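What follows is one structure encoded as structure tokens, with my remarks underneath.
Here the structure is a predicted model, which is why all the values come from computation and not from measurement.
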Amino acid sequence: MKIKISLLIIAAFLLGSNIRAQEEKPPFLKYQNSKWVDSIMENLTPNERIAQLIMVAAYSNRGPEHKQEILKLIREQKIGGLIFFQGDARTQVNLMNDYQLVSEVPLLGAIDAEWGLGMRLDNTISYPFQMALGAIQNDSLIYELGQEVARQIKRSGLHLNFAPVVDVNNNPDNPVINFRSFGENKENVSRKGIAYMQGMQDANLLTTAKHFPGHGDTDTDSHYALPQINHAFNRLDSLEMHPFKKLIDAGIGGVMVAHLDIPALDSTGVPSTLSKPIITGILKERLGFEGLIVTDAMNMKGVTEGNEPGVVDKDAILAGNDLLEFTEDVPKAIAEIRKAINQGLITQAEIDKRVRKLLAVKQWVGLDQYKAIPLKNIDEEITTLEAEWLNRKLVEASLTVLRNENDILPVKELEKVKIASVSFGAKKESVFQESLSLYTDVKHFQVGMGAKTSEVKKIFEELKTFDLIIAGIHDDSRFPRNTIKFSNAVQNLMGEIFEEQNSIVAYFKNPYSLDKLKGVENASGLILTYQDNDISQELAAQLIFGGVGANGQLPVSVGKKFKSGEGLEVEGGLRLKYTRPEDAGMNSETLYNGIDSLMQQAMDMKAIPGGQILVARKGKVVFHKAYGLHDYSDTVKVKKTDLYDLASVTKVSSALPALMKLADEGKFNLDAGIDTYLPYFRNSNKAGVPFREILAHQARFKPWIPYWKNTLRKNGSYRWNTFKKDSSARYPVKVSENLWLHRKYQKKMFRAIKKSELEKEAKYKYSGLAFYLLPDIVENITGEDFRSYINENFYDKLGATTLTYKPLEEFNSDRIVPTEHDYFFRHKPIHGMVHDEGAVMMGGISANAGLFSTANDLAKLMQMYLNMGEYAGVRYIEEDTFKEWTKAQFPENDNHRGLGFDKPYLEYKGESSNTAKDASKASFGHTGFTGIMAWMDPEEDLLYLFLSNRVLPSRSNTRLYALNTRTNIQQVLYDAIEK
């Protein structure tokens, strides 16, 4: 005993210098002597006061027996609080309401929610682990996280979060803190801890900094044994305790004490949880902390080994703790503490002071005005759209680039690079790979963790044929452990890729494990996401192609490969970003609910069997969804990767950009006549008609010519020189499986256009005739094949790999949505071939119709338009040219059209208008006969795509027009814009 007392005296002497007072007091202290606290104290017996200092474990995923155990402790022992573990929010609230009902003093409810409720409760959000947060450079995001986590915890019926972790993790092999820490830099840990704490406490949720005096430099898990830290006092004071000092000065309400053996602070060998020199001598007296001191869980081996339940709780109180977490034997703990009072080891007055502190916390969190927590809409109110959006922002802000040789990030010049991706550790195509495919054509491979040498060699040989390998290295655990479990064969494959090929690595694992992966530092690009989930995979893919940027900084050092603080800045916004509506100033609820209900109405009314909707604002895709079925009669669901017949949207998507480019090059003149580029029109009634009038649909051209009807005899059979059932050199043009058109019939179609009569007045009248001719004009000017020209100059560069003519040449039919059941020409369902009769007779390649695409790939071209001719740093069309072509050309003649592009009517005509009421006069786009709409509004930087096959079962189905679905959805977009 004399030795122990001497040691305590020495420790007190050593630590007596630099005594400090807490600068910002914990917010609840003002209530310690309030009327409410006085009234509670007056009615508590001495043992009930002790019980207020005890918090037991509760679960919402256990049966009625567990509930009865808790109720018994509340009724008989009068415990002060509960810490909830696994379960779900609804059950937890229901239980907490029942527990509060029988408790004479309102219970303090706590939870370990370091990364949000998802740490403990099912179907709630897990935010990034603290190591990922440590990479974020914008601490206001951490504050915002604190606010949101507090809101969710309070909605789940609780009042105290055992967070943040402010241990400085300076041991890569730490098994218990590690990714739960903000990192190894004490200042970064302090800043992040303060921001997180202040966010929660400003929302009236009490927090605790843990695990005092610092659990970061251990290789033992205190859940299973007592770790020992053998650093000198000066090191502990200047490093491990530094963040605790900062948070104490910033006004944190609580501190949790760890189970650690720290000889430099207490040479007796007792766990820090039971150490008076550490808790009273350092935390209270030296650091001046006046807030709530909480033990780490009292069921952990680090404190229970060699210590009897109840007795160990008494020792924790004698050491200076205010609140006992996870007491295992409540009656014995109360009895032992009462015995200690009777023995004079602690006074009743000291116990009362701590009880008042705890009651003050209860008043501060509102328990003096306790009301039962409502169950209605609890799940929706916890996991809100805003809460999910915050999660996405945090993951994006944490992305860290450690290698970017030759500015490989973001990938540029898509048309010049053949790309493969390999997901290491994935059993099927990963979300990462699906997200890569949003940007361009990528060949995907998966390699399991235990793949054998023969399998690996086969894949490596195939990978050699690619210009760029994108490797996703995945985890096999919910938690990012510091381990590498890939077989030697797989690791060798990785090493060969990193060493021998142009490669980008997205690392979805604990950064410490990078040190165990040979050669990863040789990759041309290296991205850290810190953990493996859908959001991190999506955003890593977007970073690779420039949809998002990165400015995260590594919060820990990785052996000799990378140092803490490293991180290269990569600018985003190069290509489309896939994100939440709030990122672009739009309201998710308005957007989602409005579009969903209108699409459901259209499908219920059989206006369309399904469709795709894509909405982008400010270069950010905020809505991208597939609905319904391919056909009313089948069960094939529409996917976002399915292709639709674009019909007349082809007019603004094929020859039109080519002509604008040629105009920029001085090779095409809008005011030249059609005969300038097609000499065989010189002797026609169309000679001299300028393209400005033709493209504005004011050239007096007939709307259309039923070319297919001219192939029929009076008896309904085909003329001998038109169609045959089989293909041949003379009949090479495929119209359907058993219908092949004569090779010279296109000339007859052109002659029909040439000889067609002109309308009497030069006023607006929509005509598709000239668009059959435009591919020939482009070929005459460029000397190149039309299809090759637009692919090379537009689609390939944009990465719009599904934007194509004759899709069956490249895609399986199950990816192509069928269009009409043609009962009058081809006499069969149309699937994979252009719906328009004239276009199919042109071999499927026309500027009138013929293009197929997903909404996603069409969006790339349309976004280039919305950007006035620029996309991903490439100028396709001059801005002045684009502005000229997208303005109304002849408004004085009551013509609202641009050059090729449709424009809003000069005056809004209600439901009969071609656009939503709020669409600006600067907006432009086009619609398609099959149920397509593509529209852009530069004033709102807004892009809207509607893809469907409304012509099923036949073109007589006009319900889509009657419902006005397309423009009603367009109005929803404007309604969703935050004013």
Side-chain angles (χ1 to χ4, degrees), residues 413 415-416 650-684 686-699 701 750 753-754 767-798 800 803 845-848 851 860-891 895 897-903 922 924 926 936 938:
E413 297 183 319
E415 74 279 11
K416 295 180 180 179
T650 302
K651 291 182 173 69
V652 298
S653 304
S654 60
L656 205 64
L659 293 178
M660 284 190 277
K661 175 178 172 59
L662 293 171
D664 286 339
E665 297 169 357
K667 298 174 182 178
F668 179 77
N669 186 348
L670 278 170
D671 297 311
I674 190 172
D675 50 313
T676 303
Y677 304 106
L678 296 175
Y680 55 84
F681 273 83
R682 285 176 184 166
N683 297 319
S684 73
K686 298 170 184 65
V689 177
F691 268 98
R692 189 179 296 276
E693 294 185 2
I694 293 170
L695 294 174
H697 298 278
Q698 192 173 292
F701 286 10
F750 287 0
I753 295 172
K754 179 180 178 181
S767 171
L769 296 189
F771 288 86
Y772 291 103
L773 309 173
L774 297 184
D776 266 20
I777 291 175
V778 172
E779 290 183 351
N780 290 344
I781 295 173
T782 64
E784 297 182 43
D785 171 73
F786 172 69
R787 193 175 178 188
S788 299
Y789 182 82
I790 57 174
N791 281 336
E792 292 168 5
N793 287 282
F794 297 97
Y795 307 158
D796 292 348
K797 288 183 176 182
L798 291 165
L803 188 54
I845 300 174
S846 170
N848 183 65
L851 279 179
K860 297 167 187 175
L861 180 66
M862 297 298 125
Q863 185 64 43
M864 183 267 280
Y865 289 173
L866 190 54
N867 296 345
M868 294 292 126
E870 187 272 339
Y871 184 76
V874 177
R875 172 61 63 183
Y876 292 84
I877 299 163
E878 292 300 323
E879 184 173 350
D880 289 344
T881 300
F882 208 90
K883 286 181 176 179
E884 176 64 25
W885 286 55
T886 55
K887 76 176 186 181
Q889 296 294 305
F890 302 102
N895 182 346
R897 303 290 296 217
L899 295 170
F901 293 100
D902 197 4
K903 297 277 294 175
F924 58 92
H926 215 287
M936 293 131 278

Please answer whether the main-chain N or O of Glu415 pairs with a side-chain N or O of Asp796 as donor and acceptor at a distance below 3.5 Å.
no
Go through it in stages, so that I can follow the logic: the residues are Glu884 and Glu878, the test is side chain to side chain contact (heavy atoms under 4.5 Å, CB included), and I'd like the CA-CA distance, side-chain angles, deciding distance and then a yes or no.
CA-CA 10 Å; Glu884 176 64 25; Glu878 292 300 323; over 6 Å; no
Would you say the rings of Tyr876 and Phe882 are close, in the sense that their centroids are separated by under 6.0 Å?
no
Taking all atoms of both residues into account, what is the closest heavy-atom pair of Asn780 and Tyr677, and its distance?
ND2-O, 3.3 Å
Roughly how far, to the nearest 0.5 Å, is the NE2 atom of His697 from the CG atom of Asp902?
8.0 Å
Is the Tyr865-Phe924 ring centre distance short of 6.0 angstrom?
no
In terms of heavy-atom contacts, Met862 and Ser653 come closest through CE-OG, 3.5 Å
Could you check Gln698, Gln889, Lys903 and say which one makes a side-chain hydrogen bond (donor to acceptor under 3.5 Å, both in side chains) with Asn895?
Gln698
To the nearest 0.5 angstrom, please state how far the CH2 atom of Trp885 sits from the CD1 atom of Ile877.
8.5 Å
Are Asp776 and Leu773 side-chain neighbours, meaning at least one heavy-atom pair lies under 4.5 Å?
no
Using modelled atom types and a 3.5 Å cut-off, is there a donor and acceptor pairing between side-chain atoms of Asp675 and backbone atoms of Phe681?
no
Quick check: closest heavy atoms across Lys754 and Ser684, and the distance to 0.1 Å?
CG-CB, 3.6 Å
Contact summary for Ala687 and Arg682, nearest pair of heavy atoms:
CB-O, 3.3 Å
Considering non-hydrogen atoms only, spot the tightest contact between Leu656 and Leu899 and give its length.
CD2-O, 3.6 Å
Indicate yes or no: at least one non-hydrogen side-chain atom of Phe786 is less than 4.5 angstrom from one of Ser654.
yes
So Tyr789 and Phe794, would you call those rings parallel, tilted or perpendicular, with 30° and 60° as cut-offs?
perpendicular
Apply side-chain contact (heavy atoms from CB on, under 4.5 Å) to Asn867 and list each qualifying residue two or more places apart in sequence or on a separate chain.
Gln863, Glu870, Tyr871
Separation of Lys651 NZ from Leu695 CG (nearest 0.5 Å):
11.5 Å
State, yes or no, whether a side-chain contact exists between Val778 and Leu659 at a heavy-atom distance under 4.5 Å.
yes
CG/Asn683: more than 12 non-hydrogen atoms of other groups inside 6.0 Å:
no
Separation between CD1 of Ile753 and CZ of Phe750, rounded to the nearest 0.5 Å:
6.0 Å
Apply side chain to side chain contact (heavy atoms under 4.5 Å, CB included) to Thr676 and Asn669, showing your working.
CA-CA 9 Å; Thr676 303; Asn669 186 348; over 6 Å; no
Out of curiosity, Thr881 OG1 to Phe668 CZ, how far, rounded to the nearest 0.5 Å?
11.5 Å
Work out which heavy atom in Ala770 is nearest to a heavy atom in Ile694; give both atom names and the distance.
CB-CG2, 3.3 Å
Say you draw a straight line from CD of Glu413 to NZ of Lys797; how long is it, rounded to the nearest 0.5 Å?
8.5 Å
